[in-house]
Amino acid sequence: MNIWEVVIGIETHAQLATHSKIFSGASTAFGADPNTQACAVDLALPGVLPVLNRGAVECAIRFGLAIGAEVAQKSVFARKNYFYPDLPKGYQISQFELPVVVGGQLAIQVGDTEKIVNLTRAHLEEDAGKSLHEDFHGKSGIDLNRAGTPLLEIVTEPDMCSAAEAVAYAKALHALVRWIGICDGNMQEGSFRCDANVSVRRPGQPLGTRREIKNLNSFRFMQQAIDYEIQWQIAEIEDGRAIQQATVLFDPDTGETRMMRSKEDAHDYRYFPDPDLLPLIISPEWIERTRSAMPELPAAKKQRFIADYGLSAYDAAALTSSLEVADFYEAAVAIAGKQSAKPCANWVMVDLAARLNKEGLELSGSPVSAAQLGGLLARVADNTISNNIAKKVFDALWAGDGGDGAGAADVIIEKQGLKQITDSSAIEALIDEVLAANAAMVAEFKAGKEKAFNALVGQAMKATKGKANPQQVNELLKKKLA
Amino acid sequence: MSLTLEQVRRVAHLARIEISDAEAQTTLGHLNGIFTLIEAMQAVDTKGVEPMAHAQDVAQRLREDRAVEADQRAAFQAVAPETENGLYLVPKVIE
């Protein structure tokens with residue numbers, strides 16, 4: 001029997017998008033010179049006291065509301081004690097017994113199936129500083145700019161059963177925290193980092209011993225690390241060795257996980273309520289005020305796109321993968337008109353996405369604005385231009401022609417004379433010229449060569465510079481050759 | 001309950017406090033004295049009383065989210081044992 005069940009839970013540290021630190025007034029801006037944003041509180045100089053940042057609490061409330069969790073009316077900060085040079089106080093202020101967010105759910109999409117991942121909790125805490133281990137004459141360098149940066153640690157139930165599900169969850173969570181504006185999601189800068197608890201078991205057996213993979217800072221590494229870890233654990237058990245609880249790190253160079261520390265030297269954090277901080281009380285009014293200021297959430301927007309625009313679930317999911325994409329799409333449809341909702345979806349997801357990808361640009365840096373794209377597609381909808389010509393106009397918009405705004409496409413169409421020729425007499429005249437110039441092809445067609453017809457359509461389209469409706473050219477040509 | 005000498009040594013190690021055998025023995029006595037007090041307190045009936053997280057029954061005051069601290073690195077580093085390139089230097093730590 002070689003059947004194994006995989007059980008995965010994820011802990012994520014999301015850096016909250018506040019201006020100042022969670023317990024001090026020092027800036028949280030990324031990339032400053034070392035220790036220029038580490039104030040007396042962050043350095044734990046004698047006599048300092050932490051004062052909680054309202055903005056960080058607001059982020060936690062927004063998150064709780066977005067996942068349908070209970071926002072605790074009362075939560076408590078605790079000291080998590082351990083010694084490390086990038087933690088000057090000798091403890092991290094976190095939440096332990098009474099976290100600010102309890103429960104909640106997140107829907108994830110794996111292939112064609114939707115799955116619900118249950119969340120255990122989310123709590124507020126402070127980040128530590130950074131240790132730099134390059135050579136400083138055999139010493140380590142400490143930068144405390146990051147010390148005290150607000151984090152929301154988001155913990156799931158062990159609800160995922162494959163690396164693909166774990167990655168789908170991480171992506172959905174990543175999209176959500178950005179959507180509600182509580183985290184910039186920048187994984188390179190460490191704003192969003194995941195730990196995965198992985199164990200395997202035979203079906204029907206109790207949970208296996210888990211190993212925790214720390215600090216996964218890309219979705220690709222998460223997939224690789226979990227896949228490797230699952231195979232490693234199965235091989236160990238099949239070879240008759242028991243799994244020991246441990247913390248492991250993923251090495252992207254080897255594609256393997258390796259042990260960082262075993263359970264024996266696991267930390268004993270001796271949590272206790274921080275006497276420097278009083279319980280955090282969140283009033284029902286504050287929660288309601290926050291609720292009314294929440295944006296439409298991805299799941300609701302997806303349903304609305306399906307209902308209002310007649311999009312498929314797949315298209316609606318893709319267009320609500322981030323708020324930027326959703327806003328861009330809706331702005332384009334607003335100008336192009338609802339009848340263009342489906343073509344708009346294709347343009348945003350296919351043509352525009354491909355071009356952005358090719359040029360290495362983000363949507364926010366797109367040279368073609370939503371208004372310009374909407375203006376262009378409005379001209380396709382009213383038959384001013386064909387979809388083929390639209391691609392040509394799009395290229396011109398990309399190059400910056402036509403000016404800003406919804407009228408840009410019109411300027412280009414006018415300037416380049418791209419209006420579709422719908423007048424059949426004009427098209428017929430062009431066809432006559434083509435037939436006269438290609439007598440050999442006409443003869444071939446009349447001798448029964450069907451291929452010659454397609455060649456003639458091609459020639460005719462060329463003669464109209466692509467501005468005629470191919471269907472119309474086809475019909476007129478058939479009539480002429482009959 | 002009472003502590004063992006081994007537990008005292010472990011707590012000392014977690015707190016990174018170096019203690020001699022004699023100190024451990026003395027500390028064991030002190031800590032066991034405290035535990036006796038706690039045991040006496042535990043005789044009080046607290047059924048239905050919600051545990052408090054702080055001695056004062058008041059709520060945490062909140063600060064507006066504004067970056068107000070000026071850079072005082074030079075002043076802080078003037079009293080640090082060793083610095084380089086703006087970093088605080090400490091004995092090498094690699095886990």
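Everything numeric in this text was worked out from a predicted model, so none of it was measured. In what follows, chains carry the letters A, B, and so on, assigned in the order in which the sequence lines appear, proteins first and then strands, with residues in each chain numbered from 1.
In this structure, the portion of A/Phe23 lying under 4.5 Å from any heavy atom of chain B is its backbone and not its side chain. Looking at A/Pro85, only its side chain comes within 4.5 Å of chain B, counting heavy atoms on both sides. Only the side chain of A/Val76 comes within less than 4.5 Å of a heavy atom in chain B; its backbone stays farther off. Of the two parts of A/Ser24, only the backbone, made up of N, CA, C and O, holds a non-hydrogen atom closer than 4.5 Å to a non-hydrogen atom of chain B. Neither the backbone nor the side chain of A/Leu98 comes within contact range of chain B; no heavy atom of the residue lies under 4.5 Å from a heavy atom of that chain. Interface remark: A/Lys21 contributes backbone atoms only to the contact with chain B (heavy atom separation under 4.5 Å). Proximity to chain B is limited to the side chain of A/Leu43, based on heavy atoms less than 4.5 angstrom apart. For a residue to count as touching a neighbouring chain, one of its non-hydrogen atoms must lie under 4.5 Å from one of that chain's; by this rule B/Asp57 does not touch chain A. Both the backbone and the side chain of B/Arg16 come within contact range of chain A, with heavy atoms under 4.5 Å apart. Heavy-atom distances place both the backbone and the side chain of A/Ala40 under 4.5 Å from chain B.
Counting only heavy atoms from C-beta outward, the side chains of A/Ile22 and A/Leu16 never approach each other to under 4.5 Å. Side chains of A/Leu249 and A/Ile213 form no contact here, defined as non-hydrogen atoms less than 4.5 Å apart. Looking at heavy atoms from C-beta onward, B/Val8 lies in side-chain contact with B/Ile19 at the 4.5 angstrom threshold. Looking at A/Asp143 and A/Asn35, their side chains come closer than 4.5 Å, going by heavy atoms from C-beta outward. Residues A/Gln244 and A/Met259 are not in side-chain contact: their nearest non-hydrogen atoms beyond the backbone lie 4.5 Å or more apart.
Note on B/Asp65 versus A/Arg54: no salt bridge recorded, every NZ/NE/NH1/NH2 to OD/OE distance being 4.0 Å or above. Ionic pairing of A/Asp86 and A/Arg146 is not present here: no N-O contact between side-chain nitrogen and carboxylate oxygen is shorter than 4.0 angstrom.
Heavy-atom pairs under 4.5 Å with chain B peak, among A/Pro273, A/Ala78, A/Cys39, A/Ser27, at A/Cys39. Contacts with chain B were tallied for A/Gly129, A/Gly138, A/Gly55; A/Gly138 has the most, counting heavy-atom pairs under 4.5 Å. Most heavy-atom pairs under 4.5 Å with chain B: of the set A/Val51, A/Leu132, A/Ile281, A/Leu280, this distinction falls to A/Val51. Counting heavy-atom pairs closer than 4.5 Å to chain A, the top residue among B/Asp71, B/Val90, B/Val11 is B/Val90. Contacts with chain A were tallied for B/Arg73, B/Glu69, B/Arg63, B/His54; B/Arg63 has the most, counting heavy-atom pairs under 4.5 Å. For the options A/Leu144, A/Asp33, A/Ile142, heavy-atom pairs under 4.5 Å to chain B are most numerous at A/Ile142.
Minimum heavy-atom separation, A/Pro279 to B/Val58: CD-O, 3.6 Å.
Between A/Phe221 and A/Phe250, the ring-plane angle classifies as tilted under the 30° and 60° cut-offs.
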Worksheet entry | side-chain contact (heavy atoms from CB on, under 4.5 Å) between A/Gln15 and A/Leu151, intermediate numbers included | CA-CA 5 Å; A/Gln15 185 182 312; A/Leu151 301 176; 4.1 Å; yes
